[in-house]
Amino acid sequence: PMSWIAVHNEIKDFLIEKDCEGVTVMYWNHRLFTEAAKKRYLAEGTQRKDIHALIADYQLGTWHGVSKPFKRPPSGNNNENTGSADRLVPDQPLTFESRNGKDYFNKRKYEQVPMHLKLSDRLSELNEIVLFSYEWLYNKTKALSLEHVLSDFLLNPGVEATLVERALRDAQAFIENDINTMAAEITGRLLSYYTTHNNIRNLIDDCDSMGLKHCAFVPNFPYQQVPG
């Protein structure tokens, strides 16, 4: 925090505050600063991937309440070049605590996490956290729209991702009419792939357990029309 205060005092004249996906963020006040930052930090492959990984970790709240390892430059007073400390990063839940009975969704997390996991080449996490997570699919649809959810599947195309995307598209009218049917629609349309596709099996298990909070109906047999 003290380091950020020093940096902010140096560059505050070049920053503006903007509303972005429901939160206030700081942004460069001229596109030349943005272009210079991209050229310096996002031009080289390894560094670019590391930057996207850091942003993904921040949006996921990975280091909230946890000591994060770091490297320090060597000095005469300290021979240790590694350490760890609590970086005081905020928690990043999918949904913030309700105020006056209204849910506040973490829309910035929904928009940022899939893209940065993709650009940092963390595709297994993209599958686990986003594409094959009922909690993510349900809450992002509720916070934004089913179209936003479907666009995430373009980030890591494959057999299983395509099957889930098609199942959601086939069920789109039912889900948009009542989002609480999502778990049953996913399970019923993908149950025939349960034993042959690991990610789909995990998603269906998710639906059958977490989906009970929204709908008591759990299909025991696949629907007649299934994707694929």
Side-chain angles (χ1 to χ4, degrees), residues 1 4-5 8 12 15-29 34 51-66 68 86-120 122 125-156 164-165 168-169 171-186 202-203 205-216:
W4 165 243
I5 292 174
H8 181 259
K12 62 183 179 180
L15 298 173
I16 58 174
E17 291 187 350
K18 295 174 60 176
D19 179 76
C20 184
E21 295 149 359
V23 297
T24 301
V25 298
M26 291 184 178
Y27 203 77
W28 296 112
N29 63 5
T34 303
I51 293 292
H52 287 298
L54 288 171
I55 298 174
D57 283 343
Y58 177 82
Q59 296 294 343
L60 287 168
T62 301
W63 299 107
H64 170 69
V66 180
K68 181 180 180 180
D86 187 346
R87 308 303 292 273
L88 303 179
V89 297
D91 191 15
Q92 297 284 0
L94 293 175
T95 306
F96 294 113
E97 290 185 7
S98 298
R99 303 172 187 172
N100 301 323
K102 181 180 179 181
D103 289 333
Y104 285 79
F105 294 100
N106 194 345
K107 294 182 180 180
R108 188 158 176 79
K109 177 173 184 173
Y110 292 125
E111 292 282 19
Q112 297 290 315
V113 166
M115 174 181 64
H116 289 295
L117 288 177
K118 165 69 174 180
L119 293 174
S120 58
R122 291 160 58 174
E125 289 176 79
L126 178 60
N127 283 342
E128 179 182 354
I129 296 171
V130 176
L131 303 183
F132 299 93
S133 165
Y134 169 72
E135 185 179 22
W136 178 280
L137 298 176
Y138 177 89
N139 282 289
K140 183 166 182 174
T141 300
K142 197 170 182 180
L144 299 171
S145 72
L146 186 57
E147 287 297 332
H148 284 82
V149 168
L150 293 171
S151 67
D152 289 340
F153 286 90
L154 300 175
L155 297 174
N156 191 22
V164 176
E165 180 192 1
L168 290 171
R169 286 195 184 279
Q172 186 165 2
F174 302 101
I175 294 172
E176 290 178 345
N177 181 62
D178 183 359
I179 191 175
N180 290 326
T181 64
M182 176 181 276
E185 291 292 341
I186 290 174
N202 293 336
L203 174 58
D205 288 342
D206 236 10
C207 290
D208 289 353
S209 57
M210 302 187 69
L212 289 176
K213 296 184 296 183
H214 309 125
C215 178

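In this chain, numbering begins with 1 at the start of the sequence shown.
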Ring pair (Phe, Tyr, Trp, His ring centres under 6.0 Å) between His214 and Tyr138, intermediate numbers included: CA-CA 10 Å; His214 309 125; Tyr138 177 89; 3.8 Å; yes
Side-chain heavy atoms of [X] within contact of [Y], under 4.5 Å:
{"X": "Lys107", "Y": "Leu144", "answer": "yes"}
{"X": "Ile51", "Y": "His116", "answer": "no"}
{"X": "Arg122", "Y": "Asp57", "answer": "yes"}
{"X": "Leu117", "Y": "Asn156", "answer": "no"}
{"X": "Tyr134", "Y": "Asp208", "answer": "no"}
{"X": "Leu15", "Y": "Trp28", "answer": "yes"}
{"X": "Val89", "Y": "Lys68", "answer": "no"}
{"X": "Asn202", "Y": "Glu128", "answer": "no"}

Test log, rule side chain to side chain contact (heavy atoms under 4.5 Å, CB included), inputs Val164 and Leu131: CA-CA 8 Å; Val164 176; Leu131 303 183; over 6 Å; no
Intermediate values then yes/no, side chain to side chain contact (heavy atoms under 4.5 Å, CB included), Leu137 and Leu203: CA-CA 10 Å; Leu137 298 176; Leu203 174 58; 4.0 Å; yes
Distance flag, aromatic centroids of Tyr58 and Trp63, threshold under 6.0 Å: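 No: the rings miss the under 6.0 Å criterion.
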Donor + acceptor pair across side chains of Gln172, Glu147 (<3.5 Å):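 Looking only at side-chain atoms, Glu147 and Gln172 do form a donor-acceptor pair, the distance falling under 3.5 Å.
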Distance-only polar pair, side chains of His148 and Ser151, donor-acceptor under 3.5 Å: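 Note: His148 and Ser151 side chains miss the donor-acceptor criterion.
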Side chain to side chain contact (heavy atoms under 4.5 Å, CB included) between Leu146 and Arg169, worked out: CA-CA 9 Å; Leu146 186 57; Arg169 286 195 184 279; over 6 Å; no
How long is the span from the [atom1] atom in [X] to the [atom2] atom in [Y], to the nearest 0.5 Å?
{"X": "Ile55", "Y": "Leu60", "atom1": "CD1", "atom2": "CG", "answer": "12.0 Å"}
{"X": "Met115", "Y": "Leu126", "atom1": "CE", "atom2": "CG", "answer": "12.0 Å"}
{"X": "Glu185", "Y": "Leu168", "atom1": "CD", "atom2": "CG", "answer": "9.5 Å"}
{"X": "Thr141", "Y": "Ile175", "atom1": "OG1", "atom2": "CD1", "answer": "7.0 Å"}
{"X": "Thr24", "Y": "Glu17", "atom1": "OG1", "atom2": "CD", "answer": "6.0 Å"}
{"X": "Cys215", "Y": "Met182", "atom1": "SG", "atom2": "CE", "answer": "12.5 Å"}

Short side-chain to backbone donor-acceptor contact, Lys142 and Ile179, under 3.5 Å: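 Absent.
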Side chain Asn106, main chain Pro93, donor-acceptor under 3.5 Å: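 Confirmed, Asn106 side chain pairs with Pro93 backbone.
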Atom of Gly211, atom of Ala183 and distance for their closest heavy-atom approach: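 Here Gly211 and Ala183 meet closest at CA-CB, 3.7 Å.
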Closest non-hydrogen atom pair between Gln59 and Gln92, with its separation: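 For Gln59 versus Gln92, the nearest heavy atoms are O-CB, 3.1 Å.
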Lys140 and Asp152 ion-paired at < 4.0 Å: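 Answer for the salt bridge query: yes.
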Ring geometry between Trp136 and Tyr110 (parallel below 30°, tilted from 30 to 60°, perpendicular above 60°):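 The rings of Tyr110 and Trp136 stand perpendicular, inter-plane angle above 60°.
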